[in-house]
Number of protein chains: 2
Amino acid sequence: MKFVSPNCKNCRARENSLFSFCQVRETEQLNAVKTANLYKKGQYIFYENAAPIGLFCINTGAVKLCKLSSNGKEQITRIARPGDLLGYRSLIAKTTYTYSAVAIEDTAICLIPKPEFFALIRNNSQFYEGLMQLLCKEADEMEAKIGDIAYKPVRGRIAEALMLLAGAAKESGYITLTREDLASLVGTVKETAIRIISEFREENLLEVDKRRIRILRPEKLMQISNLYD
Amino acid sequence: MKFVSPNCKNCRARENSLFSFCQVRETEQLNAVKTANLYKKGQYIFYENAAPIGLFCINTGAVKLCKLSSNGKEQITRIARPGDLLGYRSLIAKTTYTYSAVAIEDTAICLIPKPEFFALIRNNSQFYEGLMQLLCKEADEMEAKIGDIAYKPVRGRIAEALMLLAGAAKESGYITLTREDLASLVGTVKETAIRIISEFREENLLEVDKRRIRILRPEKLMQISNLYD
DNA sequence: CGGCTGATTGAGCTATGTCAAGGGCAGTGG
DNA sequence: CCACTGCCCTTGACATAGCTCAATCAGCCG
């Protein structure tokens, strides 16, 4: 299989990432030290509890971030996409990874080794600040998610997740997540997720082609997502 | 009511806070610019969605951080105590507060105005780094909480929360949280929380005196907290 | 002695999880 | 090109944790 290592200079993923703060020279340096890798669907990029080795930047594809709970179930905390950075929290806090990262499509990812990452935050204060803001945003989102899971019924959470996924799903507008992954993303089980999707289909809020889902009535779903008991 | 504004120099709360990174001179400056305030139990320190005005540092007492969900229920995300800093996320991300802060005991809090906060992170890189690590830690905790709420049964979550609260409850070892607040902290309702506490009492895992709870068998509770289905 | 706030307890009800049994599509190997 | 195998997806039947509503009780304060 032919895989051309992406060049940071003209990397589209870089543009909507924190690396947009980098100067041309820095970008060239990054390009020189980074290593690129292709992960097949289902392959692990890194494991929960492992020691971090660097900063990952997703080039193409999609990755699920998940933790294993003691009852053996997998909880997906987020779906990461091109331009998203992975692993910085563990690097900064000097801890092990708090979640695993698994490719859910064939995915290309670049890795910036630890030393270069730290050099970057030392030398580029804009990048540093950006990272800090990213952390805050991430925290805000998680905080919101806690509220959701605690009080929003599954139906609403699924509606919400579908909206988010559709927004993130580039051109196509198709959501290709597995029902199981979708369930795990909103904190429920496969069967419940399926039933609710079926309801939405019957109400013509979305259509299902093979496994893929396409939203038809975003407004309606949005409304359901905000509707409580 | 007599309230002596605390002095940063010999503030016990400061010692287990990020401000421990400050030099003597910085501490003196902080002391000069800060304003101290006493909040009665039940009083709001700041409101969700309001614009941040500075960094809060809890001196004595306890504060609940909570969000209102559309169905009118309050979700408590965390209980903050002396030494804890509040509001930095909104300052850094330049957003409004994502939660409200309410005193659950009579509480003394100092406020460092926005400009001085930014001056601090500009000039003290240790403080800056510490703040970053704090953010990471906070994010980790929330991530864990998401997993908990999604998959851990209420019984386990209550056990866990009790352990945490007991740990944080200074000397006394008494947990004084309202049943309602406890419920909201673990994402359930008052009645369910009460029933589970009663069970624990019957099993002699804790004792209840008036409203106050004291843990008797931490090991057991710990075990329950990790026990799934 | 009221009146209040919070704690309890009981009795249903229901959303959601669990278990079980197919069904369809896609990729593989003969 | 067909049959086989292995995912997923789907649906039904059933069980139950946890929510709601409602009534009562226990401190506490003026």
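Numbers restart at 1 for each chain; the letters A, B, ... are given by sequence-line order, proteins then strands.
A sub-4.0 Å separation between OP1 or OP2 of C:dT8 and a side-chain N or O of B:R179 is present. Checking the phosphate oxygens (OP1, OP2) of C:dT5, no side-chain nitrogen or oxygen of B:K41 falls inside 4.0 Å. B:K152 has no side-chain polar atom (N or O) that falls below the 4.0 Å cut-off from OP1 or OP2 of D:dA17. Contact annotation: B:S198 reaches the phosphate of C:dT9 (side-chain N/O to OP1 or OP2, under 4.0 Å). Residue B:T188 places none of its side-chain N or O atoms closer than 4.0 Å to OP1 or OP2 of D:dG18. Taking 4.0 angstrom as the limit, B:T178 places none of its side-chain polar atoms (N or O) nearer than this to OP1 or OP2 of C:dT5.
Rounded to an integer number of Å, the gap from CD1 of A:I213 to C1' of D:dT10 is 13 Å. Atom CD1 in A:I194 sits roughly 16 Å away from atom C1' in D:dA13 (whole-Å rounding). The interatomic distance linking B:I158 (CD1) with D:dA17 (C1') rounds to 13 Å, in whole Å. If you measure from atom CD of B:E199 to atom C1' of C:dT9, you get 13 Å, rounded to the nearest angstrom. One atom, CD1 of A:I175, and another, C1' of D:dC9, lie 16 Å apart when rounded to the nearest Å. The CD1-C1' distance, from B:I196 to D:dT16, rounds to 14 Å in whole Å. Atom-to-atom, CG of B:L177 to C1' of C:dA7 comes out at 14 Å; the value is rounded to the nearest Å. A:I197 places its CD1 atom 10 Å from the C1' atom of D:dC9, with the value rounded to the nearest Å.
With hydrogens and angles left out, the side chain of B:E191 and the base of D:dC19 share no donor-acceptor pair within 3.5 Å. Side-chain atoms of B:R195 come within donor-acceptor range of the base of C:dG10, with a qualifying N/O pair under 3.5 Å. The base of C:dT14 lies outside donor-acceptor range of the side chain of A:R155, with no N or O pair under 3.5 Å.
When distances are taken from the side chain of A:P153 to each of C:dT16, D:dT10, C:dT8, the shortest belongs to C:dT16. Taking the side chain of A:K210 as heavy atoms from C-beta on, and the options C:dA26, D:dG18, C:dT8, the nearest nucleotide is C:dA26.
Within 4.0 Å of A:V189, counting heavy atoms only, lies at least one base atom of the nucleic acid.
A:R14 forms no cation-pi arrangement with A:F19, by the criterion of a distance under 6.0 Å to the ring centre and an angle within 45° of the ring axis.
Residues A:E15 and A:S20 bring no donor and acceptor atom of their side chains to less than 3.5 Å of each other.
Using bins of under 30°, 30° to 60° and over 60° for the plane-to-plane angle, the ring pair B:Y97/B:F56 lands in the tilted bin. Ring geometry for B:Y47 versus B:Y44: interplanar angle under 30°, hence parallel rather than tilted (30 to 60°).
Along DNA chain C, the nucleotide closest to A:G187 and the one closest to B:R211 are compared, and the more 5′ of them pairs with B:R211.
Annotation for B:N16 and B:P82: closest pair ND2-O, 4.1 Å, computed over non-hydrogen atoms.
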Take B:Y99 and B:E74, measure what side chain to side chain donor-acceptor pair (under 3.5 Å) needs, and give me the verdict at the end. CA-CA 10 Å; B:Y99 52 82; B:E74 138 181 321; over 6 Å; no
